[in-house]
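Here the structure is laid out as structure tokens; the discussion comes afterwards.
The first residue of the sequence shown is numbered 1, and numbering continues consecutively from there.
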Amino acid sequence: MSLPHAILTALLEKPSSGLELTRRFDRSIGYFWPATHQQIYRELGKLEQAGFIRALPSEQPSRGQKKEFEVLPAGRAELTAWASGEQDSKPIRNALVLRLRAAAVVGRAGLDTELRRHLALHQRQLAEYEGIEDRDFGAAAEPEDRLRRLVLRAGIGLETFWVQWLEEALAEVEDMAEVEDKAEGGRPGE
């Protein structure tokens with residue numbers, strides 16, 4: 001049930017339309033809890049129906065006008081209860097790690113290329129997070145900014161881990177290929 005809570009969080013930060021929420025997700029929350037435009041609109045409807053949010057009154061006719069939403073007291077109470085409650089971590093599901101395990105059984109063909117591709121992706125994401133930190137959190141003093149920075153630091157830590165691990169994995173795969181090449185080159189009759 002985390003997407004509704006992510007939306008409540010974003011709306012408490014600033015009342016927004018569905019389109020604005022989508023854009024804000026793409027620049028912040030979406031790094032850690034991605035959602036499509038359709039998912040956000042679907043959840044807005046559910047949150048409104050549950051009495052957690054409401055559309056702000058508009059001075060213009062609603063036809064073609066984007067609706068902006070705000071969080072109601074029941075929504076704030078729901079978010080507060082969720083944020084202060086317990087939740088167990090979920091196991092990581094990572095297709096690349098599973099591919100590595102499969103490669104141990106069926107062979108490493110193409111694995112080095114995929115490791116390099118993932119390394120580049122994680123290096124770019126790490127650079128983006130570090131840029132956000134430099135730009136937005138130079139001397140964060142407000143409590144909410146300090147907490148937002150902690151979320152960003154989690155992303156930086158995860159990306160740093162993946163970059164280091166991928167560099168190690170790539171070096172290992174390349175070393176295995178070198179050993180095989182030497183072994184094949186040293187066989188009699190070849």
Side-chain angles (χ1 to χ4, degrees), residues 1-7 9-10 13 19-43 82-83 86-141 144-190:
M1 191 169 171
S2 293
L3 179 56
H5 296 106
I7 290 171
T9 299
E13 291 173 339
L19 181 59
E20 289 171 41
L21 276 175
T22 301
R23 289 179 179 149
R24 288 176 54 213
F25 261 69
D26 289 345
R27 293 188 316 264
S28 64
I29 292 172
Y31 287 122
F32 303 98
W33 201 268
T36 65
H37 186 78
Q38 293 84 0
Q39 289 172 312
I40 289 172
Y41 272 93
R42 189 170 38 249
E43 289 301 327
W82 179 79
E86 291 184 6
Q87 186 168 4
D88 293 336
S89 293
K90 303 277 187 224
I92 295 174
R93 292 172 56 168
N94 185 294
L96 181 62
V97 174
L98 182 57
R99 286 186 69 189
L100 225 61
R101 182 70 185 256
V105 178
V106 298
R108 296 181 316 278
L111 188 59
D112 56 340
T113 302
E114 188 65 355
L115 288 170
R116 280 189 199 88
R117 188 178 76 81
H118 278 266
L119 177 58
L121 291 170
H122 286 283
Q123 287 170 329
R124 277 195 300 273
Q125 190 65 62
L126 177 58
E128 186 171 345
Y129 286 164
E130 290 173 336
I132 291 169
E133 184 178 39
D134 291 343
R135 182 187 71 226
D136 297 345
F137 296 102
E144 52 280 343
D145 283 343
R146 291 175 68 188
L147 293 175
R148 288 182 186 119
R149 185 176 188 189
L150 278 173
V151 172
L152 182 61
R153 294 295 304 158
I156 289 171
L158 288 169
E159 292 304 326
T160 298
F161 161 78
W162 282 113
V163 166
Q164 291 170 347
W165 182 83
L166 285 159
E167 287 171 344
E168 178 184 344
L170 189 56
E172 192 73 28
V173 167
E174 288 172 345
D175 184 59
M176 287 186 283
E178 276 183 37
V179 169
E180 283 179 2
D181 287 347
K182 287 179 185 175
E184 287 176 8
R187 288 186 188 154
E190 289 187 350

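- Distance check: Leu166 CG to Leu96 CG gives 6.0 Å after rounding to the nearest 0.5 Å.
- More than 12 non-hydrogen atoms from other residues, nucleotides or ligands lie less than 6.0 angstrom from CZ of Arg135.
- Scored by the salt bridge (Lys or Arg N to Asp or Glu O under 4.0 Å) test, Glu133 finds Arg149, Arg153 as partners (sequence neighbours excluded).
- Evaluation of the side chain to side chain contact (heavy atoms under 4.5 Å, CB included) rule for Ala169 yields Leu115, Trp165 as partners, not counting sequence neighbours.
- When every heavy atom of Phe32 is checked against every heavy atom of Val151, the shortest pair comes out as CZ-O, 3.4 Å.
- Residues satisfying the side chain to side chain donor-acceptor pair (under 3.5 Å) test with Tyr31, not counting sequence neighbours, are Glu128.
- Side-chain contact check for Glu159 versus Ile156: every heavy-atom pair is 4.5 Å or farther apart.
- Shown here are the ring-ring contact (aromatic ring centres under 6.0 Å, His included) partners of His122, two or more places apart in sequence or in another chain: Trp162.
- Here the closest non-hydrogen pair linking His37 and Thr22 is ND1-OG1, 3.1 Å.
- Closest non-hydrogen pair, Leu126 versus Thr160, comes out as CD1-OG1, 3.6 Å.
- Across all their heavy atoms, Ala6 and Ile29 have their closest contact at O-CD1, 3.6 Å.
- To the nearest 0.5 Å, the span separating OG1 on Thr36 from CG on Asp26 amounts to 10.0 Å.
- Checking side-chain atoms of Tyr41 against main-chain N and O of Leu19 turns up a donor-acceptor pair under 3.5 Å.
- Heavy-atom minimum distance, Leu3 versus Gln39: CD2-CB, 3.9 Å.
- Under the salt bridge (Lys or Arg N to Asp or Glu O under 4.0 Å) criterion, Glu172 pairs with no residue at all, not counting sequence neighbours.
- For the atom pair CZ of Phe137 and CG of Leu152, the computed distance is 6.0 Å after rounding to the nearest 0.5 Å.
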Worked check of side-chain contact (heavy atoms from CB on, under 4.5 Å) between Arg148 and Asp145:
CA-CA 5 Å; Arg148 288 182 186 119; Asp145 283 343; 3.3 Å; yes
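- Counting only residues at least two apart or in different chains, salt bridge (charged side-chain N to carboxylate O under 4.0 Å, His left out) contacts with residues 96-114 comprise Arg99-Glu114, Arg108-Glu180, Asp112-Arg116, Glu114-Arg117.
- Distance check: Leu170 CG to Glu168 CD gives 11.0 Å after rounding to the nearest 0.5 Å.
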